[in-house]
Amino acid sequence: MPYQVKAGSLTIVTPTSADALKLFDELAPTARDEVLIRDMDGRTVDPETLRSAVADE
């Protein structure tokens, strides 16, 4: 399932949850604005919840 990673006005669509987490981890330390992961319906997804789902796969 694709996810959106949003930092300020930048929104990047990633093809998988693992890719979304990787991008989140790369952007979060240096982003001026909050970095969010959202599903394709626009609902915010908790990175730690997603991380445990990816670990279970």
Side-chain angles (χ1 to χ4, degrees):
M1 169 196 286
Y3 288 89
Q4 302 172 15
V5 180
K6 182 173 181 355
S9 62
L10 175 68
T11 302
I12 300 170
V13 176
T14 62
T16 66
S17 54
D19 291 332
L21 286 168
K22 181 179 177 188
L23 185 57
F24 175 86
D25 291 340
E26 290 173 4
L27 293 175
T30 58
R32 285 188 269 174
D33 298 317
E34 181 180 20
V35 179
L36 301 171
I37 298 175
R38 300 186 304 191
D39 63 17
M40 293 308 290
D41 293 324
R43 293 182 295 253
T44 302
V45 177
D46 177 51
E48 296 312 313
T49 302
L50 193 59
R51 212 176 291 281
S52 59
V54 168
D56 290 342
E57 292 178 354

> Mind checking what makes side-chain contact (heavy atoms from CB on, under 4.5 Å) contact with Asp56, not counting sequence neighbours?
Replying inline: none
Contacts under 3.5 angstrom, residues 33-45 side chains, donor-acceptor by atom type, not counting sequence neighbours:
from  : atom 1 : to    : atom 2 : distance (Å)
Arg38 : NE     : Gln4  : OE1    : 3.3
Arg38 : NH2    : Gln4  : OE1    : 2.9
Asp39 : OD1    : Asp41 : N      : 3.0
Asp39 : OD1    : Gly42 : N      : 3.0
Asp39 : OD1    : Arg43 : N      : 2.9
Asp39 : OD2    : Arg43 : NE     : 3.0
Asp39 : OD2    : Arg43 : NH2    : 3.1
Asp41 : OD2    : Arg43 : NH2    : 3.1

> Are Tyr3 and Val13 in one and the same hydrophobic cluster, where Ile, Leu, Val, Met, Phe, Trp and Tyr link if side-chain heavy atoms are under 4.5 Å apart?
Replying inline: no
For residues 18-28, please give each side-chain donor-acceptor pair under 3.5 Å, one per line with the distance, not counting sequence neighbours.
from  : atom 1 : to    : atom 2 : distance (Å)
Asp19 : OD2    : Thr16 : OG1    : 3.0
Asp25 : OD1    : Arg51 : NH2    : 3.0
Asp25 : OD2    : Arg51 : NH1    : 3.0

> Which residues satisfy the side chain to side chain donor-acceptor pair (under 3.5 Å) test with Thr30, sequence neighbours excluded?
Replying inline: none
